[in-house]
Protein chains: 2
Amino acid sequence: MANDQLSVVFAALADPTRRAILARLAEGEATVGELAEPFEMSLPAVSKHLRVLERAGLITRGRNAQWRPCRLQAAPLRQVADWVGNYQQFFDDSYRRLDDYLDRIRHQGDTP
Amino acid sequence: MANDQLSVVFAALADPTRRAILARLAEGEATVGELAEPFEMSLPAVSKHLRVLERAGLITRGRNAQWRPCRLQAAPLRQVADWVGNYQQFFDDSYRRLDDYLDRIRHQGDTP
DNA sequence: CGTACATTGAACCGATCAGTTAATTAACCA
DNA sequence: TGGTTAATTAACTGATCGGTTCAATGTACG
């Protein structure tokens, strides 16, 4: 995998377990054990996922006795939003073309 | 890599070469040779990148004699935009917290 | 027909990934 | 102090990635 920041973020997001973890963290911070609970995989596996998310800057980890509460970080998600936002114009064009197409087939029988 | 659609799309985006290819295609369709031109890698390497993008639904390929023109497809990018949009609220909260914080340190000297 | 061009396929390589189990660290608690 | 709990590290595995080179395919064109 490439090591530029955006690539690291996208790679971190390319896994449903990690996205589920982010969704959980959007509701508030949680410990590793709490985050692992919904999954069938081992704890070290979850720990590795968290490390991937941390290296992508998507989460930070604090310390509270023997717990390591995780918190979601918005910045990389904004990066993603900004990147995909560059294609907004393309979305719009794409929709316009679809509309045109639908208009055309809609009026196809009008002038045979 | 997981094989659910969104994971496949994110994985495809987790490479600067592939993102550069998409950026190029946002300006209009192009052949494999044209797409490969800016890069130092071999043509088969670019061909592989294109296959990854195609399997993610990010591009489609047509046929024109011995050329295979590639076109950008908006749908998966919309998927990404929608996904990240779910965190918009979190962005806003995050900004609000930052604003609060900035306000606090800004007024720190006011009431000692 | 034969040759040149655009692209893909096949086989291979080293690196990384996602998971496992077992051992280790670190903090609490009685 | 010793035991329990939370989490990470270490070592290993099979699969996938991103790149290479060389060969094959398919199309145009003289």
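What you see below is based on every heavy atom in this structure, not just the backbone, and it leaves out hydrogens, waters and symmetry mates. Naming: A, B, ... by sequence-line order, numbering from 1 per chain.
- Taking every heavy atom of residues 9-17 of chain A and every atom of DNA chain C, no pair lies under 4.0 Å.
- Reading DNA chain D from its 5' end, the first and the last nucleotide to sit under 4.0 Å from a heavy atom of chain B are D:dC17 to D:dA28.
- In terms of the salt bridge (Lys or Arg N to Asp or Glu O under 4.0 Å) criterion, A:Arg51 has no residue partners (sequence neighbours excluded).
- Partners of B:Arg24 according to the side-chain hydrogen bond (donor to acceptor under 3.5 Å, both in side chains) rule, which considers only residues two or more places apart in sequence or in another chain, do not exist here.
- Hydrophobic cluster membership for A:Met1: A:Val8 (Ile, Leu, Val, Met, Phe, Trp, Tyr linked by side-chain heavy atoms under 4.5 Å, directly or transitively).
- Nucleic acid contact for A:Ala45: base, since at least one base atom lies under 4.0 Å from a heavy atom of the residue.
- Here C:dC17 presents its C1' atom at 15 Å from CG of B:Asn3, a figure rounded to the nearest Å.
- Between B:Leu22 and B:Leu13, the closest side-chain pair of non-hydrogen atoms falls below 4.5 Å.
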Table please: side-chain donor-acceptor pairs of residues 52-64 of chain A below 3.5 Å, with sequence neighbours left out.
{"unit_1": "A:Glu54", "atom_1": "OE1", "unit_2": "A:Arg61", "atom_2": "NE", "d": "3.3"}
{"unit_1": "A:Glu54", "atom_1": "OE1", "unit_2": "A:Arg61", "atom_2": "NH2", "d": "2.6"}
{"unit_1": "A:Thr60", "atom_1": "OG1", "unit_2": "A:Gln73", "atom_2": "NE2", "d": "2.9"}

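- Shown here are the side chain to side chain contact (heavy atoms under 4.5 Å, CB included) partners of A:Ala75, two or more places apart in sequence or in another chain: there are none.
- Residue pairs meeting the ring-ring contact (aromatic ring centres under 6.0 Å, His included) criterion with at least one member in residues 35-75 of chain A: none, sequence neighbours excluded.
- One atom, CE of A:Met41, and another, P of C:dA18, lie 10 Å apart when rounded to the nearest Å.
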Just distance, no hydrogens or angles: give the donor-acceptor pairs under 3.5 Å from side chains in residues 76-91 of chain B, sequence neighbours left out.
{"unit_1": "B:Arg78", "atom_1": "NE", "unit_2": "A:Tyr95", "atom_2": "OH", "d": "3.4"}
{"unit_1": "B:Tyr87", "atom_1": "OH", "unit_2": "A:Ala23", "atom_2": "N", "d": "3.2"}
{"unit_1": "B:Gln89", "atom_1": "NE2", "unit_2": "B:Asp93", "atom_2": "OD1", "d": "2.9"}

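- Not counting sequence neighbours, the partners of B:Arg19 by the salt bridge (Lys or Arg N to Asp or Glu O under 4.0 Å) test are A:Asp4.
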Under 3.5 Å, which N/O atoms of the protein pair with N/O atoms of nucleotides 5-10 of chain C?
{"unit_1": "C:dT7", "atom_1": "OP1", "unit_2": "B:Val32", "atom_2": "N", "d": "3.1"}
{"unit_1": "C:dT7", "atom_1": "OP2", "unit_2": "B:Gly33", "atom_2": "N", "d": "2.6"}
{"unit_1": "C:dT8", "atom_1": "OP1", "unit_2": "B:Arg61", "atom_2": "NH1", "d": "2.7"}
{"unit_1": "C:dT8", "atom_1": "OP2", "unit_2": "B:Ser47", "atom_2": "OG", "d": "2.7"}

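- Residue pairs that meet the side-chain hydrogen bond (donor to acceptor under 3.5 Å, both in side chains) test with at least one member in residues 25-48 of chain B, sequence neighbours left out, are B:Glu29-B:Arg71.
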